[in-house]
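Single-structure report; data block below.
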2 protein chains.
Amino acid sequence: MNLKQLSETLGLSQTTVSRALNGYPEVKEATRQRVLLAAEQSGYRPSTRAKGLATGQALAIGHVIPISSKHEMVNPIFGDFIAGAGETYAQNGYEMILTTVDDAQEEQIYRGLKARRAVDGVVVHGPRMDDPRIALLHDLELPFVVHGRASGATTAYDWLDVNNRSAFYRATSFLCDLGHRRIGLINGLETMDFAHRRRAGYAGALKDHNIPIDQALMTSGEMTEGNGYDGTLEMLASSAPPTAIIASSMISALGVRRAIEERGYVMGRDISVITHDDMLSYLQNGQDVPIFTATRSSVRDAGRRLAALLLRRIANPAAPEQHELLEAELMLGRSTGPAPLQAPLHISPSSPQKGPHP
Amino acid sequence: MNLKQLSETLGLSQTTVSRALNGYPEVKEATRQRVLLAAEQSGYRPSTRAKGLATGQALAIGHVIPISSKHEMVNPIFGDFIAGAGETYAQNGYEMILTTVDDAQEEQIYRGLKARRAVDGVVVHGPRMDDPRIALLHDLELPFVVHGRASGATTAYDWLDVNNRSAFYRATSFLCDLGHRRIGLINGLETMDFAHRRRAGYAGALKDHNIPIDQALMTSGEMTEGNGYDGTLEMLASSAPPTAIIASSMISALGVRRAIEERGYVMGRDISVITHDDMLSYLQNGQDVPIFTATRSSVRDAGRRLAALLLRRIANPAAPEQHELLEAELMLGRSTGPAPLQAPLHISPSSPQKGPHP
DNA sequence: ATCAAAATTCAAAGCGCTTTGGAATACCGT
DNA sequence: ACGGTATTCCAAAGCGCTTTGAATTTTGAT
């Protein structure tokens with residue numbers, strides 16, 4: 001069923017039917033109702049393509065998901081973020097077009113999206129330090145918003161970010177106030193902007209508590225269980241092991257916990273742990289009382305809001321830049337406690353296992 | 001830059017330019033080169049919409065992701081699956097359109113996709129028992145393929161599935177052969193078709209080893225860390241606890257491990273664990289030696305293959321149904337060992353923790 | 001040189017929608 | 001009843017591409 005057929009059925013012109021459907025005022029109310037009913041009954045829906053051609057809009061948003069070509073890794077927050085953004089799009093009649101791409105082809109993809117007029121705007125995921133995409137999209141005049149920020153960008157742009165710096169500042173301060181002086185940081189890849197900010201928050205808090213920074217207590221890498229495990233094991237093996245560890249994601253934190261327990265320590269008593277928690281739907285941090293003390297911020301909510309930001313930008317290209325800085329909550333869980341008075345006894349691990357990742 | 005402009009630049013008709021670009025034979029080779037070069041230099045790319053309108057193809061594939069309206073959960077395998085499918089689409093010039101939807105609106109979404117001619121075909125995710133989507137899509141005459149199978153479907157359809165039954169049969173048999181007689185199953189939601197098949201494999205193996213089925217050793221639910229933990233704790237607390245547990249996903253397995261260790265048992269010695277491993281990029285099962293013994297099958301690879309299946313279906317709507325049944329490998333890891341000669345001593349847990357999810 | 005066949009190019013129609021510029025009809029006060 | 005204004009509807013153009021059917025040029029054989 002297309003417009004022509006529908007209008008013939010009704011004995012009206014395509015113009016009138018189109019206007020009735022799109023809510024224009026120059027059509028009699030009775031006629032509109034008649035059209036609406038007929039459209040409903042026949043299941044008529046305008047062709048996306050034809051409509052897009054006629055209006056010049058794509059009614060679609062592009063999400064270009066970078067997949068680290070080295071580790072072939074898909075960011076685990078991705079599913080929940082998309083779910084959030086999808087809600088917003090659905091409410092506004094937009095479609096979501098997904099492209100996965102490794103870093104090398106990124107520029108091509110954005111240029112293609114623009115040249116083919118496939119989308120009205122894009123969401124930039126996982127901004128890196130001095131991310132070249134900002135300038136590129138700016139030059140292409142393709143509306144975009146960034147999930148996170150890209151330090152070093154020379155042009156203004158719309159973004160939504162968690163206040164990573166303050167979150168990690170608070171987490172670190174909280175541990176300091178509990179008496180911890182040796183605090184480890186299992187960070188994400190520091191080419192990523194957010195990891196950079198988190199470290200700044202961590203370092204800032206240590207400085208404010210007059211605690212020197214120890215390179216041996218900082219690792220960075222992809223946020224996998226394995227890296228959390230490896231990093232923790234390494235720190236624990238050092239001559240001056242930490243009494244607390246901050247992890248950058250729930251996934252790494254699971255590895256941190258595994259290493260701690262495998263070494264025979266008790267999390268929350270011998271070693272305190274704080275993690276950042278994106279509130280992924282399949283990895284909930286406890287039901288009532290959180291297992292992990294965590295800096296918490298819903299990535300799904302971020303998706304919803306960021307999508308809204310983009311739609312606003314598209315509706316009004318000349319508006320001033322929009323920014324949204326979400327503060328993470330510090331949720332108290334069972335994984336933190338006062339610093340042990342002395343270095344924890346090193347109980348021999350209950351399991352002789354000592355190996356790679358789960 | 002559009003076709004008209006490009007053709008004027010070249011002093012050729014739109015027809016010729018279009019044909020040169022699309023590889024038709026009726027254009028002189030020298031002309032084609034000239035056109036190709038000009039297109040390259042000017043960055044010309046045909047408008048997706050215009051092309052789609054003219055050809056009647058959408059050059060897009062729809063993925064409709066069900067989000068359990070109850071738990072608001074996004075399946076964690078989703079990201080990797082999409083990454084795989086995306087590779088195939090990119091190679092073939094297709095776009096991926098993503099829609100997230102809760103069960104109630106599913107039908108509407110598919111009808112909309114069809115009526116608006118937004119996609120050339122769709123991938124059905126997470127088929128349930130007697131899934132109504134199969135019949136619906138069949139009626140709509142919208143080409144589709146299914147990731148998994150839907151028992152009870154009355155029409156033939158294309159699918160790609162892991163042989164869940166044989167995988168869980170082998171895992172269970174393997175444990176039986178190691179002497180285990182009380183084997184727990186932490187299954188996915190049994191409204192899901194795959195969970196049903198897995199239980200059938202598990203039950204079949206027990207039967208073949210003359211081991212009665214014990215309802216107390218079977219749980220099912222969303223595959224979260226928390227459910228893995230809760231289920232395990234419950235089984236371990238029973239009067240006749242299992243000596244081995246099979247988990248339906250790495251995420252649940254992490255919960256299983258937490259419960260085991262929290263109770264003071266050693267995984268692989270006191271309690272054996274086998275999990276299904278989808279080879280998610282951020283949850284690798286060890287580097288060299290797997291942590292968990294696992295039935296392994298790459299969901300990313302499944303995405304790649306299933307997408308190819310769909311493109312073939314679209315190219316040839318009348319072809320006979322295509323099926324691909326992938327066998328999971330049984331990877332030996334550190335989490336399994338011979339059944340303890342007697343019920344494991346119940347060492348008091350090293351941690352007094354006893355609580356909800358991690 | 002000549003003419004049919006092959007190779008190359010083009011003008012125009014059409015895909016399904018929106019939107020412009022009118023045309024037709026209804027309504028108002030006088 | 002009449003001119004004028006609102007209201008309601010419509011024909012046709014246009015969005016950027018592909019494709020049909022025809023025109024033009026080249027080629028090859030005589």
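Bear in mind that the values here come from a model prediction, so they are computed numbers and not experimental data. Order of the sequence lines sets the chain letters (A, B, ...), proteins ahead of strands, with each chain counted from 1. All values below come from the heavy atoms of this structure, side chains included, with hydrogens, waters and symmetry mates left out.
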Starting at atom CZ of A/R49, determine the distance to atom P of D/dG16, rounded to an integer number of angstrom. 16 Å
When B/V27 and A/N2 are each assigned the nearest nucleotide of DNA chain C, the 5'-most assignment goes to B/V27
Please report the distance, rounded to the nearest Å, between CD in A/Q57 and C1' in C/dC17. 13 Å
Between B/Q33 and B/E29, is any side-chain donor less than 3.5 angstrom from a side-chain acceptor? yes
Can you figure out which of D/dA12, D/dG16, C/dC10 approaches the side chain of A/T15 most closely? D/dA12
Using whole Å, report how far NZ of B/K51 lies from C1' of D/dC17. 9 Å
Closest-nucleotide mapping onto DNA chain C: is B/A54 or A/T55 further toward the 5' terminus? I mean the 5' end. B/A54
Considering just the side-chain nitrogens and oxygens of A/S47, establish if one lies under 4.0 Å of OP1 or OP2 belonging to C/dC17. no
In degrees rounded to 10°, what angle is found between the helical axes fit to the five outermost pairs at each end of the helix from C/dA1-D/dT30 to C/dT30-D/dA1? 40°
Mind checking whether B/Y157 and B/F144 have parallel, tilted or perpendicular rings, split at 30° and 60°? parallel
Are any of B/Y24's side-chain N or O atoms less than 4.0 Å away from OP1 or OP2 of D/dT19? yes
Given 3.5 Å as the limit, does a donor-acceptor pair link the side chain of B/R312 with the main chain of B/L310, or not? no
So if I take every side-chain heavy atom of B/R19 and compare against D/dC15, C/dC10, D/dC17, which nucleotide ends up nearest? C/dC10
Provide, to the nearest angstrom, the distance between the CG atom belonging to B/L6 and the C1' atom belonging to D/dT18. 15 Å
Using a cut-off of strictly less than 4.0 Å, decide whether A/T16 has a side-chain nitrogen or oxygen near OP1 or OP2 of D/dC10. yes
In whole angstrom, what separates B/L3's CG from D/dG16's C1'? 7 Å
How is B/S18 classified with respect to the nucleic acid when contacts are heavy atoms under 4.0 Å: base, sugar-phosphate, or nothing? base
Can you check the B/E26 CD to D/dT19 P distance for me, whole Å? 10 Å
Measure the distance from CD on A/Q14 to P on D/dA13 and round it to the nearest whole Å. 14 Å
Taking OP1 and OP2 of C/dT9, is either one under 4.0 Å from a side-chain nitrogen or oxygen of B/T31? yes
Identify whether any heavy atom of A/R117 sits under 4.0 Å from a base atom; if not, whether one sits that close to sugar-phosphate; answer base, sugar-phosphate or nothing. sugar-phosphate
Nearest-Å distance for atom pair NZ/P, residues A/K4 and C/dC17: 11 Å
Return yes if a side-chain donor-acceptor contact under 3.5 Å exists between B/T15 and B/S18, otherwise no. no
